[in-house]
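A short worksheet on the structure shown next.
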Amino acid sequence: MKSQEETLEEWCRTLLQAFELEDVDVDINEILAVAGVAAHSVVRPAAPLTTFIAGFAAGMASGTGQANDATSMGAALKLARELAKQYSEPAGTEPAKAADPAHGTDAE
């Protein structure tokens, strides 16, 4: 019987192959960690929504040549994690700056 980790790795490879993205390196643990933050800081259904939107943003940045895949994914996941954490913070805290996926830094 396969472990959960083995199953997720296999499923990830299957999805990447189906979408013709075999060359894309996916950090499954980081994606699951961001989903966990969203689920606990916002509401459970925020997990898939957050990871989908972060992935879409990363794909747009990569697809338009703003940044390579790794930089785009890193910046999108970082921003999604920060926003999810801040969502549950008390009112009056300063919101996160939008990350620039092309450079992996905060936008000016």
Side-chain angles (χ1 to χ4, degrees):
M1 181 182 223
K2 288 186 242 176
S3 70
Q4 179 174 305
E5 184 177 333
E6 291 169 324
T7 301
L8 287 173
E9 288 175 5
E10 182 179 286
W11 177 240
C12 184
R13 283 190 304 273
T14 298
L15 286 171
L16 290 171
Q17 184 177 19
F19 286 106
E20 299 179 4
L21 298 170
E22 294 94 337
D23 295 336
V24 175
D25 185 30
V26 175
D27 186 340
I28 295 170
N29 291 324
E30 179 62 17
I31 292 167
L32 295 176
V34 170
V37 171
H40 292 97
S41 298
V42 185
V43 291
R44 277 186 80 96
L49 181 62
T50 301
T51 55
F52 173 81
I53 292 172
F56 190 83
M60 291 295 293
S62 292
T64 59
Q66 294 176 13
N68 64 34
D69 292 341
T71 301
S72 297
M73 283 191 276
L77 290 173
K78 179 181 177 190
L79 179 60
R81 179 191 298 266
E82 290 170 0
L83 291 172
K85 283 181 181 178
Q86 289 178 3
Y87 189 84
S88 64
E89 291 178 1
T93 57
E94 191 171 317
K97 292 180 185 176
D100 178 355
H103 300 95
T105 61
D106 291 338
E108 296 293 319

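Being a predicted model, the structure only gives us computed values, none of them experimental.
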With sequence neighbours left out, the residues meeting salt bridge (Lys or Arg N to Asp or Glu O under 4.0 Å) with Glu10 are Lys2
Would a distance-only check, ignoring hydrogens and angles, find a side-chain to backbone donor-acceptor pair under 3.5 Å from Ser41 to Ala38?
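Side chain of Ser41 to backbone of Ala38, a donor-acceptor pair under 3.5 Å: no, none is there.
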Counting only N and O atoms by type, is there a donor-acceptor contact under 3.5 Å from the side chain of Ser62 to the main-chain atoms of Gly59?
no
Atom pair CG/CG of Asp25 and Asp23 - distance to nearest 0.5 Å
10.5 Å
Could you measure the distance from the CZ atom of Arg81 to the NZ atom of Lys85? Nearest 0.5 Å is fine.
5.5 Å
Taking all heavy atoms of Ala46 and all of Thr50, pick out the closest pair and write down the distance.
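Heavy atoms of Ala46 and Thr50 come nearest at O-OG1, 2.6 Å.
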Grab the two heavy atoms, one from Ala67 and one from Ser72, that are nearest each other, plus how far apart they are.
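Here Ala67 and Ser72 meet closest at CB-OG, 3.4 Å.
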Starting from Val43 and following side-chain heavy-atom contacts under 4.5 Å between hydrophobic residues (I, L, V, M, F, W, Y), which residues can be reached?
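Via sub-4.5 Å side-chain contacts, Val43 links to Val42, Tyr87.
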Considering only Ile, Leu, Val, Met, Phe, Trp and Tyr, and joining two whenever side-chain heavy atoms are under 4.5 Å apart, list the other residues clustered with Leu21.
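Members other than Leu21 - counting any ILVMFWY side chain reachable under 4.5 Å - are Leu8, Trp11, Leu15, Leu16, Phe19, Val24, Val26, Ile28, Ile31, Leu32, Val34, Met73, Leu77.
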Heavy-atom count around Glu20 CD within 6.0 Å, excluding the residue itself: above 12?
no
Is it the case that atom CD in Gln17 sees more than 12 heavy atoms from other parts of the structure closer than 6.0 Å?
no
